[in-house]
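Bear in mind that the values here come from a model prediction, so they are computed numbers and not experimental data.
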Amino acid sequence: MLALLLLLCCLNGYLLANKAPDVDCLVVDLKYVSCSWKKTTDGNYTFTSWFEKETVHECVEYLPGNSTHTGCNRPYVETQRFDTFHTVLQRGDERQEQEHQLKMKVKLNPPTNVTVKYGSDQNLWFYWNQTHKKCVESEVRYRKKQMKWEHSRVFTDKSYCINLPSNNSRYELQVRNKLDGGCGGAPDYWSEWSEPAIWGSNNSTESNHSGGSMSVWSLVWYVMGAIVLILLVMMLLHHERLRIILIPVVPKPSLVTHDIEEWFQFSKSLKEGFKTNYNERACPVREYIYVSQSDSDSIDSVSLSVSTDQTDCSGFTAADGPKDPSDTQSSSNISPEEKP
């Protein structure tokens, strides 16, 4: 019984030793089929493959390892992934023949030319290129200040937007894609991540030039604003009239008359015009004396004219005598018969 067990173990080891490693195949970017197997140190394997209704193809392009082959790439027609794919890996007595269904085993190349732009809407926009325009689903991951990655799906567009980014933060974004499930793609066959696009502080990539230019322009605007503010302050200090117009004096509530006058900013010449002028010509006033009819005979015409005048403001004063002396003489020589 023990001898039988030893014989079975030896036969099993012999069979396992003569079996070639398993082969794993997938369609790369819908352009070729790539197959790989476990690396060995005993020598190279011969790889042959074919699709249904196709002749056998020997591998022309082996994938080199350190000392032995580890895989093979072969041409592919797009519709062939819906057919069964056969592979044979052989070396001496070792042989491994397999069948593969490549319909859902499609791996696309990663997106290229990932760029970043700070838009006029103050949002951060990332753009990229991909080899296939249809049936492609993308996934974006980005992080801020070396923090944890945040993932987001992008289905049809080749762009992604980060709303209102901080100028003091560093943003890093990568993209990968896969064949859409509606076109036969599997959920787990994503491409590799693209090269990162970086924007923000401590950025050394080309995509950050726009962010750097924005910071320079901001500095220029700050300096210009400071210069304008300094000039305005100097103008206010040296031009009192402009200062009063721009910054009017707020009056202090008070019941004192001279404080109220200080509220109004009058010029010196205007204030002098409101002062009282005491150098005007005086106007003398005399008392009115009534003269009766009986006394009129004894009063000459000069006294009569003087008594009837109430004031000298009419233009003819007591100091001013008649211009014609004959008029005075004729008035004094009136006879009593001529009197009424």
*Kindly indicate whether the side chain of E97, heavy atoms from C-beta on, has any atom under 4.5 Å from the side chain of R95.*
yes

*asked:* Under the rule for disulfide (SG to SG under 2.5 Å), what residues qualify as partners of C135, not counting sequence neighbours?
replied: C183

_In this structure, would Y32 and L179 fall into the same cluster of hydrophobic residues linked by side-chain contacts under 4.5 Å?_
no

*May I ask you to check whether H57 and T48 show a side-chain donor-acceptor distance below 3.5 Å?*
no

*Where the side chain of Y171 meets the backbone of S166, is there a donor-acceptor pair that is under 3.5 Å apart?*
yes

*What are the two closest heavy atoms between D157 and W128, and how far apart are they?*
O-CZ2, 3.9 Å

*Looking only at heavy atoms, what is the nearest atom pair of Y76 and T79, with distance?*
OH-N, 4.2 Å

*Is any side-chain heavy atom of V140 closer than 4.5 Å to a side-chain heavy atom of R176?*
no

*Could E192 and K107 be called an ion pair, given the rule that one side-chain N must be under 4.0 Å from one carboxylate O?*
yes

_Quick check on the hydrophobic clustering: are Y222 and M224 connected, directly or via other members, by side-chain heavy-atom contacts under 4.5 Å?_
no

*Flag this pair as yes if the NZ/CZ of R141 is under 6.0 angstrom from the six-membered ring centre of W193 and inside a 45 degree cone about the axis; otherwise no.*
yes

_I'd like to check S159 versus Y127 (side-chain heavy atoms, cut-off strictly below 4.5 Å). Are they in contact?_
yes

_Just checking Q146: does its CD atom have more than 12 heavy atoms from other residues, nucleotides or ligands closer to it than 6.0 angstrom?_
yes

*asked:* Run the side-chain contact (heavy atoms from CB on, under 4.5 Å) test on F126 and V116 for me, step by step, so that the C-alpha distance in whole Å, both residues' side-chain angles and the decisive distance to 0.1 Å come before the verdict.
replied: CA-CA 4 Å; F126 291 87; V116 59; 3.6 Å; yes

*asked:* For a quick check under 3.5 Å, do Q101 and T84 share a side-chain donor-acceptor pair by atom type?
replied: yes

*Does one hydrophobic cluster hold both V175 and V136, with members joined at side-chain heavy-atom distances below 4.5 Å?*
no

*Can you list the residues that meet the side-chain hydrogen bond (donor to acceptor under 3.5 Å, both in side chains) rule with S49, with sequence neighbours excluded?*
R74

*Taking all heavy atoms of G92 and all of Q90, pick out the closest pair and write down the distance.*
O-NE2, 3.6 Å

*Is it the case that one hydrophobic cluster holds both L108 and V27, taking links as side-chain heavy atoms less than 4.5 Å apart, direct or via other members?*
yes

*Between K144 and S169, which heavy-atom pair has the shortest distance, and what is it?*
CE-OG, 3.0 Å

_Side-chain (S34) to main-chain (L26) donor-acceptor, under 3.5 angstrom_ = no

*asked:* Testing the basics here: between C25 and K105, what is the closest heavy-atom pair and its distance to 0.1 Å?
replied: O-CD, 3.5 Å

*Could you give the distance from OH (Y160) to CG (L124), rounded to the nearest 0.5 Å?*
10.5 Å

*Measure the shortest side-chain to side-chain distance between K133 and Q130 over non-hydrogen atoms and say whether it is less than 4.5 angstrom.*
no

*Are side-chain N/O atoms of H100 and D24 paired as donor and acceptor at under 3.5 Å?*
no

_Restricting to non-hydrogen atoms, name the atom on Q98 and the atom on V23 that form the minimum distance, rounded to 0.1 Å._
OE1-N, 2.7 Å

_Ring geometry between Y118 and W199 (parallel below 30°, tilted from 30 to 60°, perpendicular above 60°)_ = parallel

*Please test Q80 against E52 for side-chain contact (heavy atoms from CB on, under 4.5 Å), starting from the C-alpha separation and ending with a verdict.*
CA-CA 9 Å; Q80 288 181 333; E52 290 288 343; over 6 Å; no

*NZ or CZ of K178 within 45° of W190 ring axis and under 6.0 Å*: yes

*For the cysteine pair C35 and C72, state whether the SG atoms are less than 2.5 angstrom apart.*
no

*Measure up the H69 and Y62 rings against each other and bin them: parallel (under 30°), tilted (30 to 60°), perpendicular (over 60°).*
parallel

*Going by heavy atoms in the side chains, are Q174 and E195 under 4.5 Å from each other?*
no

*Roughly how far apart are N73 CG and K31 NZ, rounded to 0.5 Å?*
13.0 Å

*Which of these passes side-chain hydrogen bond (donor to acceptor under 3.5 Å, both in side chains) with N177: S138, S191, S194?*
S191

*Taking D121 for its side chain and N123 for its backbone only, find out whether a donor-acceptor pair lies under 3.5 Å.*
yes

*asked:* Working to the nearest 0.5 angstrom, can you tell me the gap between L63 CG and W37 CH2?
replied: 7.0 Å

*Is it true that R153 and E137 make a salt bridge, defined as a side-chain N closer than 4.0 Å to a carboxylate O?*
yes

*Should the ring pair H86 and W50 be called parallel, tilted or perpendicular, given that the plane angle runs from 0 to 90° and is split at 30 and 60?*
parallel

*Any chance you could measure T87, atom OG1, to L89, atom CG, to the nearest 0.5 Å?*
7.5 Å

*Are F51 and F85 close enough, and set up right, to give a ring pair (Phe, Tyr, Trp, His ring centres under 6.0 Å), and what steps lead you there?*
CA-CA 5 Å; F51 283 97; F85 183 62; 4.6 Å; yes

*Under 3.5 Å, is there a donor-acceptor pair linking the side chains of T131 and N109?*
no

_I162 and Y142, any side-chain heavy atoms less than 4.5 Å apart_ = yes

*Indicate yes or no: at least one non-hydrogen side-chain atom of Q96 is less than 4.5 angstrom from one of D22.*
yes

*asked:* I'd like to check L102 versus V33 (side-chain heavy atoms, cut-off strictly below 4.5 Å). Are they in contact?
replied: yes

*Spell out, as yes or no, whether a donor-acceptor pair under 3.5 Å connects the side chain of E94 to the backbone of R91.*
no

